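Okay, structure first, notes after.
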Amino acid sequence: MEKHISRSIIKGFADKLSAAVESDVAIVGAGPSGLICAKILAEAGKRVSLFEMKLAPGGGVWGGAMLNNDIIIQEEVTSMLDEYGIRYTDVGEGLVKTDSVETASALIYGAVHAGATIFNGVVVEDVVYKENAVGGVVINWTPVLYPNKWHVDPLIITAKCVLDGTGHDALLTDKVARKAGIKLNTPTGGVMGEKPMWAEEGEIATVENTKEVYPGLFVSGMAANGVFGSARMGPIFGGMFLSGQRAAELILAKLDG
Ligand code: 48H
């Protein structure tokens with residue numbers, strides 16, 4: 001029995017990782033925008049690999065606001081909540097609240113159930129950059145790099161499109177821009193840095209900023225606002241849902257167009 005348990009898990013994981021080596025889309029960061037994008041792309045039949053450096057996917061959803069574990073979403077986005085079966089309560093002013101634990105778990109289940117593969121505990125430390133385009137990600141086990149900084153060479157995942165959904169500091173896009181010495185599709189050509197809180201503006205901007213910032217490299221969610229220098233918005237998540245949806249639309253247009 002023990003031998004069979006171990007061999008089944010080792011083989012199953014090796015098969016998953018081996019299949020991921022040739023992905024259509026590599027999504028970096030399992031926050032709400034990355035998870036929503038993953039579900040839509042997987043439903044469209046794309047081979048989607050999602051890498052999350054933490055043990056638990058879900059990003060900033062779990063903690064609600066200062067660990068008050070509810071989040072706020074705009075009424076216009078409740079059709080997306082309905083699709084996941086996430087329950088919500090009207091709180092007035094065109095807003096609803098949801099339980100953050102129910103929301104995070106539903107988004108994770110939705111992505112995996114649609115056919116995306118989530119690799120948790122895996123950090124994306126770099127990208128593949130060839131012939132003026134991003135063509136994949138470079139991965140390692142999170143404990144190899146944090147806090148240990150062991151000198152262990154990574155594995156490489158090829159992908160036609162890469163989504164930076166890493167949140168506030170857009171660290172992946174920042175690293176790519178610096179290391180490859182490239183100009184991004186931003187007004188300055190670089191990562192502009194997130195602005196302070198302005199909920200209404202930040203929510204609109206996160207969807208508008210969801211773009212292909214360099215051939216093969218897309219940004220979503222807070223990373224999009226970090227790249228384009230837009231405001232943060234606090235614990236309201238409609239923009240993150242719509243950004244994930246927008247990222248999927250743009251990536252599908254690139255893959256199928
Ligand atoms: C693998 C990585 C790496 C890496 C980071 O921040 P997130 O929740 O993602 P978004 O942008 O979809 O959602 C943002 C939202 O949660 C939020 O923070 C809001 C609304 N803030 C407003 C405000 O004012 O504060 O998740 C990003 C995920 C995290 O789980 C990271 O662990 C992960 O990306 N990640 N995974 N490799 N290099 N870097």
Side-chain angles (χ1 to χ4, degrees), residues 20 26-40 49-74 77 80 98 100 103-104 107-108 111 118-127 136-146 154-155 157 159 162-176 179 191 194-207 209-210 217-228 230-248:
I27 299 179
V28 189
S33 66
L35 286 165
I36 284 164
C37 181
K39 175 176 185 279
I40 298 169
S49 303
L50 199 167
F51 301 96
E52 169 53 53
M53 64 185 288
K54 297 204 174 119
L55 192 55
V61 177
W62 297 108
M66 209 177 131
L67 292 181
N68 293 259
N69 66 356
D70 282 338
I71 57 171
I72 299 297
I73 295 186
Q74 295 85 333
V77 187
M80 291 178 84
T98 73
S100 68
T103 308
L107 296 184
I108 297 163
I118 299 183
F119 295 93
N120 57 338
V122 175
V123 64
V124 171
E125 57 167 70
D126 209 337
V127 297
V137 294
V138 176
I139 60 168
N140 220 321
W141 299 117
T142 304
V144 164
L145 296 185
Y146 304 106
L155 283 172
I157 302 292
V162 171
L163 176 67
D164 179 350
T166 59
H168 286 271
D169 298 320
L171 286 177
L172 189 69
T173 302
D174 193 39
K175 191 170 190 177
V176 176
K179 282 186 74 172
V191 170
E194 181 189 293
K195 294 262 177 5
M197 179 78 71
W198 185 355
E200 296 89 339
E201 286 292 318
E203 280 292 270
I204 294 166
T206 192
V207 187
N209 293 335
T210 301
L217 179 64
F218 296 75
V219 290
S220 68
M222 281 315 299
N225 279 10
V227 168
F228 282 94
S230 300
R232 65 187 302 186
M233 70 295 288
I236 179 160
F237 281 74
M240 299 302 135
F241 277 57
L242 295 173
S243 169
Q245 190 180 53
R246 178 90 189 113

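Just so you know, ligand 1 is whichever comes first in the structure, and atom 1 is the first atom listed for that ligand. A quick note: this is a predicted structure, and the numbers were derived from the prediction, not measured.
- Remark: ligand 1 and Met222 share an N or O pair separated by less than 3.5 Å (distance only, no angle test).
- Near Gly165, meaning under 4.0 Å from one of its heavy atoms, ligand 1 places the atoms 9 (O), 27 (C), 28 (C), 34 (O).
- Less than 4.0 angstrom separates some heavy atom of Gly221 from each of these atoms of ligand 1: 11 (O).
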Let me see the working for Ile118 and Leu35 under side-chain contact (heavy atoms from CB on, under 4.5 Å), right down to the final yes or no.
-> CA-CA 9 Å; Ile118 299 183; Leu35 286 165; 3.8 Å; yes
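- The two residues Ser100 and Gly64 have their closest heavy-atom pair at OG-N, 4.0 Å.
- Of all protein heavy atoms, the one closest to atom 8 (O) of ligand 1 is Gly60 N, 2.7 Å.
- A donor-acceptor pair shorter than 3.5 Å can be found between the side chains of Ser243 and Thr210.
- Taking atom 3 (C) of ligand 1 as the reference point, the nearest protein heavy-atom neighbour is Met53 SD, 3.5 Å.
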Apply side-chain contact (heavy atoms from CB on, under 4.5 Å) to Thr98 and Phe237, showing your working.
-> CA-CA 10 Å; Thr98 73; Phe237 281 74; over 6 Å; no
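- When non-hydrogen atoms are compared, ligand 1 lies under 4.0 Å from the backbone of Met233 as well as from its side chain.
- A pairwise comparison of heavy atoms in Ala247 and Leu163 identifies CB-CD1, 4.0 Å as the closest pair.
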Please report the C-alpha distance between Ile236 and Gln74 in whole Å, then the side-chain angles of each, then the deciding distance to 0.1 Å, and finally whether the side-chain contact (heavy atoms from CB on, under 4.5 Å) criterion is met.
-> CA-CA 8 Å; Ile236 179 160; Gln74 295 85 333; 3.5 Å; yes
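- Among all non-hydrogen protein atoms, the one lying nearest atom 15 (C) of ligand 1 is Phe237 CE2, 3.7 Å.
- For the side chain to side chain contact (heavy atoms under 4.5 Å, CB included) test with Val176, the passing option among Val162, Val127, Asp164 is Val127; the others fail.
- Those atoms of ligand 1 with a heavy atom of Phe51 less than 4.0 angstrom away are 1 (C), 36 (N).
- Taking all atoms of both residues into account, the shortest heavy-atom contact from Thr206 to Asn225 is CA-OD1, 3.1 Å.
- Here's the thing with Ser33: one of its N/O atoms is less than 3.5 angstrom from an N/O atom of ligand 1.
- The shortest N or O to N or O distance between Val123 and ligand 1 is not below 3.5 Å.
- If you take CG on Leu55 and CG on Asn120, they are separated by 5.5 Å, rounding to the nearest 0.5 Å.
- Inclusion of Gly234 in the set of residues having an N or O under 3.5 Å from an N or O of ligand 1 is warranted.
- Closest of all the heavy-atom pairs between Trp62 and Pro57 is NE1-O, 2.8 Å.
- Glu52 OE1, 3.5 Å is the protein heavy atom nearest to atom 29 (C) of ligand 1.
- Residue Val28 approaches ligand 1 through these ligand atoms, each under 4.0 Å from one of its heavy atoms: 1 (C), 4 (C), 37 (N).
- Counting heavy-atom neighbours within 6.0 Å of Trp198 CH2, excluding the residue itself, gives a total of 12 or less.
- Note: no N/O pair closer than 3.5 Å links Gly34 and ligand 1 by distance alone.
- The nearest heavy-atom contact from the protein to atom 6 (O) of ligand 1 is Gly167 CA, 3.4 Å.
- Look at His168 and you'll find a heavy atom under 4.0 Å from some atom of ligand 1.
- At the shortest separation from atom 34 (O) of ligand 1 among protein heavy atoms lies Gly29 CA, 3.1 Å.
- A pairwise comparison of heavy atoms in Met233 and Met197 identifies C-SD, 3.4 Å as the closest pair.
- Under the 4.0 angstrom criterion for non-hydrogen atoms, Leu172 is not in contact with ligand 1.
- With distances taken over non-hydrogen atoms, the option nearest atom 4 (C) of ligand 1 out of Ile71, Val124, Leu107 is Val124.
- Of the protein's heavy atoms, Gly31 CA, 3.4 Å lies nearest to atom 26 (O) of ligand 1.
- The two residues Val123 and Thr142 make their nearest non-hydrogen contact at N-OG1, 3.6 Å.
- Closest to atom 25 (O) of ligand 1 among all protein heavy atoms lies Arg232 NH2, 2.7 Å.
- Within the structure, ligand 1 has Val122 among the residues with a heavy atom less than 4.0 angstrom away.
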